[in-house]
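None of the values given here were measured: they were computed from a predicted structure.
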Amino acid sequence: MNAVLRATPLWTLTLMLAACGGGGDSSTGNESAAAAPSDGSTATSAETTDGGTSEIAAATTAAPTLAQRKAAATKVASKDASCTSLTPFYWEIGNAAGKQANGTGGAVTSTNKAPTATTVMAVASASKWVFASTVIEQTAGSLSANDVALLSMRGGYNNFDSCSNTGTVASCLKEPGRFGGTNGDHIAAQDGKFSYGGGHMQVLGNARGLGPDNNSLLASALRSQRGMSNSMSYINPQLAGGLATTATGYASFLRQILNGSYASTAKALGTQATCTHTNGSDCTTAIFSPINQSRPGGANDISDERWHYSLGHWVEDDPTVGDGAFSSPGRFGFYPWIDKSKTWYGVLARTDAVNVNSADPKKAPYNTSMQCGRKIRAAWVKGS
């Protein structure tokens with residue numbers, strides 16, 4: 001058994017399955033939402049006296065009903081241009097109790113249908129949130145300085161390119177890097193500076209004992225974590241980007257954060273966050289961020305949003321358009337999130353194999369899914 005993912009009581013091996021194919025979903029999350037859904041309403045009472053007589057006046061702050069939330073989110077997914085322009089997608093929103101609403105959207109046709117909740121797909125960088133959680137839960141949130149640096153992309157391992165599908169965590173670090181050398185090369189001058197890339201988590205996984213693991217062993221170790229879906233598998237041993245799963249499987253992971261099963265991960269949301277804005281003088285420690293990729297003249301910048309990066313996830317806290325949500329969008333368009341209040345989770349699941357290589361970064365699937373997903377989230381929270 002691998003020391004990293006198995007050496008702590010938080011990890012109990014529940015099922016051993018092959019890495020490929022997805023399998024069935026099994027988790028402690030309640031899919032049917034047996035508990036009453038939280039609608040965000042609050043109730044207060046005010047005590048007044050009149051001639052010695054006390055009167056208790058209950059004042060309730062009205063919140064959208066579940067039906068209103070679902071109608072608003074569905075309208076955005078099916079009508080808003082930011083969503084209808086996408087390849088077909090499945091969306092889901094829920095809370096700690098379970099799934100509360102779901103639907104489909106995008107350019108759905110008779111020959112180009114939307115994925116379902118159980119369609120297995122590569123989630124790319126959404127893998128980062130899952131891997132970070134395994135480290136946080138294993139350490140009960142007591143991370144070392146090195147753990148923090150690597151999980152927040154500030155470790156100086158900025159030469160990472162990709163992993164071959166048949167290798168291991170350790171062998172991947174020896175493969176050719178993006179700028180020559182190897183994936184595991186360390187650039188000391190960039191220590192402490194944010195640079196989004198998979199090398200940081202690959203190095204951390206290797207250091208924590210995952211080096212010998214191939215796809216199958218990584219999947220078995222991940223599924224052994226209490227509450228982790230059996231749909232989780234690896235299509236390559238890249239810890240920051242090699243995961244494949246279903247919308248249902250990833251939603252189960254998000255519910256574990258909201259329902260207290262992954263309490264350390266919930267507590268860590270938004271912590272140790274670093275600035276990532278590469279397009280201005282406000283963040284001199286950011287080297288590369290896919291949220292605002294610089295291009296000559298800036299004409300093709302994805303955006304000028306000022307986000308932060310926490311432990312394996314983004315904080316969408318731009319002062320102008322951000323809502324503070326936590327997210328981990330993937331390269332092919334998979335977009336999972338938890339709202340700022342830690343009440344709601346959401347998944348927008350799709351695969352866009354065409355625009356992933358577009359010369360215009362504004363068309364990048366992770367960006368376009370985020371733009372649509374953020375509007376669905378806002379509609380849900382407001383109920384309109």
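Residues Tyr262 and Arg255 have side chains that never bring a donor and an acceptor to within less than 3.5 angstrom of each other. Side chain to side chain, Ser310 and Gln272 fail the donor-acceptor criterion of an N or O pair below 3.5 Å. Ser327 and Glu316 share a donor-acceptor pair across their side chains, judged by distance under 3.5 Å alone. Side-chain contact check for Asp213 and Thr168: no donor-acceptor pair (N or O, by modelled atom type) lies under 3.5 Å. Side-chain atoms of Ser229 and Ser252 include no donor-acceptor pair closer than 3.5 Å. Side-chain contact, Lys128 with Ser125: a donor N or O sits under 3.5 Å from an acceptor N or O. For the 3.5 Å distance criterion, the side chains of Glu137 and Thr265 qualify, holding a donor opposite an acceptor. A donor atom on one side chain and an acceptor atom on the other are not found under 3.5 Å apart for Asn183 and Glu175. Residues Ser144 and Asn146 bring no donor and acceptor atom of their side chains to less than 3.5 Å of each other. Between the side chains of Ser216 and Asn214, not a single donor N or O lies within less than 3.5 Å of an accepting N or O.
Residues Ile187 and Met153 do not share a hydrophobic cluster, defined by chaining ILVMFWY side chains whose heavy atoms lie under 4.5 Å apart. Residues Val148 and Leu239 fall within the same hydrophobic cluster, defined by Ile, Leu, Val, Met, Phe, Trp and Tyr side chains chained together at heavy-atom separations under 4.5 Å.
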Checklist entry - Taking it one step at a time, do Phe334 and Val347 satisfy side chain to side chain contact (heavy atoms under 4.5 Å, CB included)? => result CA-CA 8 Å; Phe334 193 92; Val347 174; 3.6 Å; yes
Next on the checklist: salt bridge (Lys or Arg N to Asp or Glu O under 4.0 Å), that's the test. Do Arg154 and Asp191 meet it? Break it down for me.
Outcome noted: CA-CA 6 Å; Arg154 292 179 284 179; Asp191 271 340; over 6 Å; no
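You'll find the side chain of Arg178 stays beyond 4.5 Å of the side chain of Phe160, heavy atoms only. Contact annotation: the side chain of Val130 approaches that of Met228 to within less than 4.5 Å [non-hydrogen atoms, C-beta and beyond].
A donor-acceptor pair under 3.5 Å is absent between the side-chain atoms of Ser171 and the main chain of Gly167, judged by distance alone. The backbone N or O of Phe179 lies less than 3.5 Å from a partner atom in the side chain of Asn159, making a donor-acceptor pair. Side-chain atoms of Asp323 do not come within 3.5 Å of backbone N or O of Ala378 as any donor-acceptor pair. Using a distance-only test at 3.5 Å, with no hydrogens or angles considered, a donor-acceptor pair links the side chain of Arg69 to the main chain of Val381. Of the possible polar contacts, one joining the Thr139 side chain to the Val135 backbone as a donor-acceptor pair under 3.5 Å is found. Between the Asn355 side chain and the Ser358 main chain, no donor and acceptor come within less than 3.5 Å of each other.
Annotation: Phe194 is in aromatic contact with Tyr309 [ring centroid separation under 6.0 Å].
Annotation: disulfide (SG to SG under 2.5 Å) contacts involving residues 176-276, sequence neighbours excluded, comprise Cys275-Cys283. Applying the disulfide (SG to SG under 2.5 Å) definition to pairs two or more places apart or across chains, those involving residues 309-384 are Cys83-Cys372.
Put simply, CD1 on Ile93 and CZ on Arg377 are 9.0 Å apart, with the number rounded to the nearest 0.5 Å. Distance CG/Leu151 to OG1/Thr271: 10.0 Å, rounded to 0.5 Å. Between the OG atom in Ser127 and the CE atom in Met232 there is a gap of 9.0 Å [rounded to 0.5 Å].
Looking at Tyr157, Trp314, Tyr366, Phe288 one by one, the single match for ring pair (Phe, Tyr, Trp, His ring centres under 6.0 Å) with Tyr196 turns out to be Trp314. The only member of Val203, Leu204, Leu218, Leu217 that meets side-chain contact (heavy atoms from CB on, under 4.5 Å) when paired with Val169 is Leu218.
Other residues, nucleotides and ligands contribute over 12 non-hydrogen atoms within 6.0 Å of the NZ atom of Lys342.
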